[in-house]
Every structure is written in structure tokens, then in C-alpha cells.
K.L.:
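Below: one structure in C-alpha cells.
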Amino acid sequence: MSNNPTSPIQDFTYVGQRFPNREAEQKVAGEMQYIDDLRMPNLLHAKILFSPQAHARILSIDTKAAENLPGVRAVVHAFNTPRNVYNSAARFYLDTNERDMPKTEYIFDTTVRFVGDRVAAVAADDPFIAEKAIKLIKVEYEQLPAVIRLEDAVEENATQANPFGIQGTNLCGGRVSYGSHSEKEVLSAIDKAEQIFTTTFRTSRVHHGYMEPVCHIASYTRDGKLTIWTSGQNVFCFRDVLSTALAMPQSKIRLIKTVCGGAFGGKLEIMHEPVVALLSMRTLQPVKIRLDRKETFMASRSRHEGILTITSGVDTQGKLRAQHVRSQLNTGAYASSGPNTVGAQSGKMFILYQAPHMYYTGAPYYTNTPIAGAMRGYGCPQITITREVHTDLVARALGMDPTEFRLLNCVRPFENNCLGNNLHNALVAECILQGRTAFDWFKKRKKAEESHKGRYRIGVGMDIAVHGNGWYPVYQDITTVTIRMNNDASAILLTGTHDLGTGSRTILAQIAAEILRIPPLDIEVHEADTETTPLDLGAQASRTTYIGGNATILAAKAIREQLIDEAALLLALPKEMLVLENGFVVNRQTPDQRISFIEIIGSAQSGKHGGQREIASTMTFESKDSIDSYAAVFCEVEVDTETGKIRPLTILAVHNSGTVINPLLFEGQVHGGIHMGLGYALSEEMQIDSRTGSLLNPTLRKYHMFTAEEMPSIQVMLVQSPEEAGPFGAKSIGECATDGVAGAVVNAVSHALDGAELNRIPLTTNYILSKIPTSS
Amino acid sequence: MEPTAQTISFLINGTKKTIQVERSWTFLYVLREILGLTGTKYGCGTGDCGACKILLNGEPKNSCTLPAFKADTCTIVTIEGIQEEGRLSILQQAFVDAGAIQCGFCTPGMIITGTALLRDNPNPSELEIRRAFSNNLCRCTGYVKIVEAVKLAARRILAMKKEQEVLKEAINVK
């Protein structure tokens, strides 16, 4: 394995360097202010009364005792607040497509639809009074029939979780169905294949597990202006949603993103910002709410639970002839990202494996359970693990090595897929080849099989994964970046891009620096404030590096042009002879002929050469390419056949993400994605009582995320090859970092158990014990 | 009626403080809301994530499950007290250099645990490091670069000690 697997492949000055995250020093000193650390005069504290019922009509709410408690400043609920329906996940203001973004949510409704739904809220002088006041609110409920389990929600004549299901069912929005041919033709192609295999897989509801609990602050002032602080991922879209929910003009709503203590998609949707907004409107004081950890589990968002069925028709050589996927996702009590997640999932069907006949059909369903929303991967982890576990079963049945089967069937660079779309520089095959060499795949597999006689069985498995970069061609996808040169030739970069701890502020400065030829730390990056930064459509869909980076390049190039234009006049040289170098514009042939940025900026401002002006640029990047990031993940595990416990030993993640802007930050993303995938496969699950709809394990003790002690050894490798459409050849990594992890782990466990068919995650000890081969 | 408030005195980051606390308060609440020391974070309130760790009489403790009155007569160090006259400690600098900080929310708790570890065990093995952090959760890093940072800090501390010894020798010889 190469000594420096993530070293830069081209000669850049700033791009490709392992700069530390520019926020690291303040964070490590405990000086970085997160939203819970902000202090404001007259700040009130809010608490929400959450529903204890899965489905019930609110007959009455008596808030007198709460209102009379000294220190209580306002109490809000469905009977004293505006009713404007919205979708918390809405991204495009004019998107009124009820299939895609059905509006099903109210700030407060007169019916509660999951344990954790909002009933009322209180603002008080301190959190203790607010807590007391909540307990004094008397609510009369009329219980309604509830549907908790996904398999019950999809049934004909199922109990309806809410009134929004299509034609009296629990179908949310609409079904997404399409493929290379009609479903009938694809199923027929499967039937005609020499061998047919089907797998049904059940994925779990998991939580993002960010360390910073959900927290918002709202301040409504007498001039009618509402300011909201949130560590969310989508300030402009939040503003859209709030303007709808509160029936206020967008110019009167300001969303400010605070330093984010982890999000992973979980802070991509409006949550309780409207509540603190209402309380602030009532009191004309700033109001803060911080959910405790239990409330964070119960009343934020979670990953869509899924039941997916995949059927493949293969020939005797192992070539995939046809494939069909049917997916059911549990979107919880309200639509939010449900239909979108299905849509995003569907795309992953057609860009990883090649087959002439492919079809996807999927739908989200409502249940009276906590709302499912965006989570890192956004539908991709569910289809990936289903497909990859299935692929291993097929390979085993055909007597083929799992890597060989995938090499035979995976997409190749610049091919067209069965939908006629070009796959660009898709290097997944290279990831498999390099990975299996580095992992010593064949030897490790064989050695593992020798251990299958004992109590501790070693298993070796792998899988592959793909994730898009942005939304092209499905939705509009733009971001705008402004760069302004200061008088001393330092710069300010204004971007709507959201840094979630992901380091986007750091890498955007590296990209701008590469073009402007000034050090990255001389470029101040100001982000995600609807009043002061230009438009961005959210940190999601792995668009940050790809789209944010490209927009930065456009803006920096425009600055370069302005600098050269003015320098050409000052030096009396043609523009073509001039380049930027270390804060100077120089004659590329005789670099002694030069003029400093400072002089150029001053000259432009004084109007020496036509028109007094600022050196500044605002440029919008529009995505016109469907670019995909690929990965192959290899995993070794140990299974204790007596206890059913699984110990992951090693993981190798091989990523094809174009060139890497900052390898230090890139590796961190992959490591975190592995942590999330390990939990998905082995230990994490939000357990919902099928009778009451209550979340049984809303604590960080009972919801088990991997600790430092439990982590396997991890290696990251890069298949580096520039992606032409990417900024300096880069592709995004955020979600691809986790999509392919759980499948590799499950395949390794299956290998340990002689190919036992594993159909669900997490792999609990009881489940594994039930799968131990009886011969051992 | 039983009094709910109590006066406590403690040493915090080298400064003596005497304050009144309610019996219902946690020490985390005192830190963040009364003393204004917001470097220590609320992550779960139940002692499960370690974001609220402080050194209590030298030992890493979750302040979210520590009743405020129990801090009476104690010596406390918070993340704000780790830096030395505005300079990051060797461990803090190692975290920065190793890329061990992404969102940073778990970082103060990690630094507290790591500081105590390296003080008691200047050359910890990988396993010892991972065990020491078993009550510090992180969702961003997979702990990979956190462990690397602790190892880096250990190496740097060792190098610094060696340098000091060489200097001492040179002075003694004189």
C-alpha cells in the first residue's frame, strides 16, 4: 500500500495541502461560541410540551396555571397561533409539487400524530420555570387509532396515520417508478434470465447522533423583523419555510447559521424555529430553546427505516441481465423529505452496476412515529446495503468471488448507463482492484475461512457504493459566491455554503487562494447568513465541495480578470502577458515587471483608468453535470459464535473523489462516515414500541454509537484522477464516506457465518446467534 | 422549610470562587450559566457523552451529573484553564495539527480526558488511549485523528522533556 495514499497528484500551491481546519484553534481552546453559548440581554427560555400520544385529537388545552406561574411570559399552542401548512424540508420556494414536497406540517396542530409531536410551548425567565410551566399545562386528548410499524402502514386498508396519505392510504406524495424499460419488460427480462435471485432487506431507523443538541434562538423586534440563529444546514430554504409558516415577507426574516456542533443532514430541515419565533413575537424578547438529549432523539429527525426487495436475473457467466428494486420507506408522521429521499434513492439504482434492463419503484409511507428526514446518504445507504448484501449472495451462489462479480458488472468510465446517461470518470472498478490488492483480499478470505471451525470466526467482506454531487439533472442547483478585495490585498469571501464542522470555510479559501495567489489565511470566509451572504441551497446532496468550490473558482477568476485589466493599464502591457504571483500582477516573461495588488486596488478605487470602482465579484455557478463519487470498502470482522458479538477488526475505504482539496479534512470525513456505517450495521437503532409509538431508547447510553475502544483499525486510500467538471478536479465526499460501510460489514459477517443470509440491520447478538451455522 | 440554596467555595482554573447554588443545580449549569464558562458543553445531561468533562480534584468527571453543592472545597479545571497564558497546551496544539477537530463540540471534553491521561501515563499505548476515551463520544472523526493527536502530543512532550534534560545537564556541567 502506498506510503501516502492521499497525497496530491498535481502541483498546486494551496489546493491539495493538509491545512488544519481554520476553526480548530478556537474550538480546542473552548473559545468557539456555539448557539448554546450565545448570550443576549433579556433572553427567555422555552420548553415544548411534546405529545405522549402516537395519534390523538386535542380536545382542549388549559394553560391558565402555566400562564400564572411567575416568570412565564408566553404560552402558545394550536388554538392561539396561525395555521399555515408547510413542509419543513422545502428547498425551492415555487416547488408546489405535492408529489415531491407535500405540505403536511403546522407549527401547532389540533391533532398530534407521533409521540414527540408538538402540543404547546412556553417562554419563561429561566429553563427551570419553563420546565415547571410545561407540567402545569392540562391537555385533553381523544385517542385515535395509530399505525406504528411500516409493514402495517403499507397494507391495504391500513389505519391512516394522517389525512395526507394518497387516496385514503398511507402513501406519502407519490410512488417513484422508472427504469430503462417498463416494469413489465424488466420483470420479463428477469424471468428470462438463466438464474434469478431475490433478497428482501430491512434497514433500521437511526439517528444522526450529532453531539450538539438541537437549539434555536429567535428574536422578533418591534420593527417587525425576525432574526433566527440556528446551527442548521439550509438558511435560505429555512427562510422560505418560515415565511410560509408565519405568513411573513422574506425580507423581514433573517436566518443566521451559527457554528455547528454536527448535523449530518439532521439539521437540514426546519424543526422548532417557528416555535421560538412565535414566542418572541408574543414577548418582543429573544427566546432560546435547547432540546435535551431525550427530546433531541424524539423530536428532531431520523433516517428513513426501509424494507427493500431486490431481484436480479443473471446469466451463468455471472453477468447481470436485469435488476428490479422495490422500496418502502417509513417517513414518520409528516412528509418532510419522504418523497425526495425515495427520488434520490432511485437514482443510485442506475449508476453503479450495468444491466440492459433495470427498474426502480419506491414510495414513502406515513406512520405515527417520529419524523424521518435527511440523513447522510439520503436513501442511498438503504439501497446500497440491500443491493450489496444481495450481490454477495448472488456471487456465492454462482461460485464467484465477490470482487470478481462486481468487476464483471460494475460501471466503467465514460460508458452510458441503461438510461442513456454518461457516467463520466467512474472509477469504481479501479477502487475494487486497488483495494483488494491493498487489503490482501484473497489471502485474507482464505485465512478467515480456516477459522470457521472455532468459537471465534473471522469474516472478510466488501462492497461498493456511489453518491452524486449535487442534484443535476433533477433539480436546479446553484450557489453564488462573492469575493471582495480589501485595500491591503487581503480578501473577504462571502458564501451561503454551510460549514458543519466539515471544513468548507477552510477549503473554499484554499480554492480561492490558488487562483488569487495570496495565502488562504488572508481570505476571510463569512458564511450562511441570509442578510449578508449570497444564495446557497444548503449543505446537502454532497454539493458543498463540487458546487461551492466551482462557484468560488468563478468568483476568483473574475477578480483575477479585474486585477489584470487594471494592471495592464498601469504597466502598459497586453493582458495576455500578465499573471498573478504572490500578491502581484507580473509579466510572465520578465517577472521583475510587476505591480502589487495593493496598488491595483488603490488605482481602481481612485478611478485613474476610467471609473472609480471596487475590485469585487459576485458569480453564480450552475451545475450542468451529473458527477458521482465512488467507493469500495473492505472489512474484516470477528464473530463470537457463543455470544453473537461482532468485533470489527479492520476497514479499508478506497475512494474515487477526483482530486482532493484538503487530504487532512477529506480523511476526517471518511473516518466519520465509517463510524456512522459501523453503528448502522452493528449497534444503532431507534427502538419504537409497536404498541404505544414511544421511543424506548432516547439516551446516548441505550442508543449505542461506537466508542473509541470499539473502533477497528482504519485505512483510507484514494484512486485519484481529476474529474473535469469538479473544482480543480475534485468531487465531493460527505455522503459517499458512509454509504458503503454497512454493506461491507454485513458481508464480512455473512462470510464469517459461511454465507448465512442476513436480512436486517443492526446485527444484534440475538439475530447473529440465530444465524450461526448449525455445524459449528 | 429546607433551604434550597447553599454557599459553596471552590478553586476554578486557579481562582477562588464563592457562590450560592441551588440544590437542584448541576455543576455544568453553574459553569455555563453562573460563571459564564461556556467552553464546557451540554451534550446529553446524563453522563453518557463526555462533552461536559472537567477535572475535579485532578480527575476527569462529567459535570452534568455532578450536583453543584458537591463542588464545595474542590479544585476544578475546565477547558478554559488548560491553555497556558493564552498558549495552547501541547495536547491542544496536537489536536489542531493532527486534524482531530471537525465540529469541535466533543473537543473540550476530549482535551480534559487527554490531559489527565498524559499526565498519569506519558507514553500510553493505543489501547490505553482508546480505553481512556471510552466515555467521550465523537460523531465526526471516528476517533482516528483523536488517537493520533494524543500519540503526537505524547511524542512532543517526551521530546520536550529530553530537551530540558539536555539543558539541565549543560547548566550543571557549567
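We use all heavy atoms of the structure for the numbers below, so side chains are in, but hydrogens, waters and symmetry mates are not. Convention: sequence-line order gives letters A, B, ...; per-chain numbering from 1.
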K.L.:
Tell me, do B/Lys41 and A/Asp36 make a side-chain contact under 4.5 Å, heavy atoms counted?
P.N.:
no
K.L.:
Measure distances from A/Tyr703 to the heavy atoms of chain B and classify the residue's part below 4.5 Å as side chain, backbone, both or neither.
P.N.:
side chain
K.L.:
Please list, in residue-number order, every residue in residues 111-124 of chain B that has a heavy atom less than 4.5 Å from any heavy atom of chain A; write 'none' if there are none.
P.N.:
B/Ile111
K.L.:
Which atoms of A/Ile714 come close to chain B, meaning under 4.5 Å heavy atom to heavy atom: side chain ones, backbone ones, both, or neither?
P.N.:
side chain
K.L.:
Counting only heavy atoms closer than 4.5 Å, note whether B/Tyr29 contacts chain A via side chain, backbone, both or neither.
P.N.:
side chain
K.L.:
Locate the shortest heavy-atom distance separating A/Cys260 from B/Cys103; write the atom from each residue and the value.
P.N.:
O-CB, 3.4 Å
K.L.:
Name the region of B/Ala100, side chain, backbone, both or neither, that has any atom closer than 4.5 Å to a heavy atom of chain A.
P.N.:
neither
K.L.:
Given that the side chain runs from C-beta out, which part of B/Tyr143 has a heavy atom under 4.5 Å from chain A: side chain, backbone, both or neither?
P.N.:
side chain
K.L.:
Heavy atoms only, distances under 4.5 angstrom: which of B/Gly99, B/Gly47, B/Gly43, B/Ser89 has the most pairs with chain A? Name it, please.
P.N.:
B/Gly43
K.L.:
Tabulate, in ascending numerical order, the residues of residues 52-79 of chain B having at least one heavy atom closer than 4.5 Å to a heavy atom of chain A, or enter 'none'.
P.N.:
B/Ile79
K.L.:
With a 4.5 angstrom heavy-atom cut-off, is it the side chain or the backbone of B/Thr38 that approaches chain A, or both, or neither?
P.N.:
both
K.L.:
When heavy-atom pairs shorter than 4.5 Å are enumerated against chain B, which of A/Lys294, A/His208, A/Gln33, A/Gln26 gives the highest number?
P.N.:
A/His208
K.L.:
Among A/Phe264, A/Tyr210, A/Tyr34, which residue has the highest count of heavy-atom pairs closer than 4.5 Å to chain B?
P.N.:
A/Tyr34
K.L.:
Where on A/Gln669 is there a heavy atom nearer than 4.5 Å to chain B: the side chain, the backbone, both, or neither?
P.N.:
both
K.L.:
Which residue out of A/Arg290, A/Glu25, A/Met676, A/Met32 racks up the most heavy-atom pairs below 4.5 Å with chain B?
P.N.:
A/Arg290
K.L.:
Taking all non-hydrogen atoms of both residues into account, name the closest pair between B/Ile101 and A/Val28 and its distance.
P.N.:
CD1-CB, 3.6 Å
K.L.:
Show the nearest heavy-atom pair for residues B/Tyr42 and A/Pro213, with the distance to one decimal.
P.N.:
O-CD, 3.4 Å
K.L.:
Check whether A/Asn21 gets within reach of chain B through its side chain, its backbone, both or neither, counting any heavy atom under 4.5 Å.
P.N.:
side chain
K.L.:
Please name the pair of heavy atoms, one in B/Gly142 and one in A/Met711, separated by the smallest distance, quoted to 0.1 Å.
P.N.:
O-CE, 3.4 Å
K.L.:
Taking B/Arg32, B/Glu22, B/Gln93, B/Arg131 one by one, which has the highest count of heavy-atom pairs under 4.5 Å against chain A?
P.N.:
B/Arg32
K.L.:
Output yes when B/Lys145 and A/Glu667 qualify as a salt bridge under the 4.0 Å nitrogen-oxygen rule, no when they do not.
P.N.:
yes
K.L.:
For chain A, which residues from residues 132-141 of chain B have at least one heavy atom closer than 4.5 Å to it?
P.N.:
B/Phe133, B/Ser134, B/Leu137, B/Cys138, B/Arg139, B/Cys140, B/Thr141
K.L.:
Does any non-hydrogen side-chain atom of B/Gln83 lie less than 4.5 Å from one of A/Glu31?
P.N.:
yes
K.L.:
Measure distances from B/Gln92 to the heavy atoms of chain A and classify the residue's part below 4.5 Å as side chain, backbone, both or neither.
P.N.:
both
K.L.:
Check whether A/Leu291 gets within reach of chain B through its side chain, its backbone, both or neither, counting any heavy atom under 4.5 Å.
P.N.:
backbone
K.L.:
Please tell me if the side chains of A/Pro20 and B/Phe95 come closer than 4.5 Å, counting only heavy atoms from C-beta onward.
P.N.:
no
K.L.:
Applying side chain to side chain contact (heavy atoms under 4.5 Å, CB included), can you list everything that pairs with B/Thr46, at least two apart in sequence or on another chain?
P.N.:
B/Cys44, B/Asp48
K.L.:
Assign the ring pair A/Phe128 / B/Trp25 to parallel, tilted or perpendicular, where the plane angle (0 to 90°) is split at 30° and 60°.
P.N.:
parallel
K.L.:
Between A/Met705 and chain B, with a heavy-atom cut-off of 4.5 Å, which part of the residue counts as in contact: side chain, backbone, both or neither?
P.N.:
both
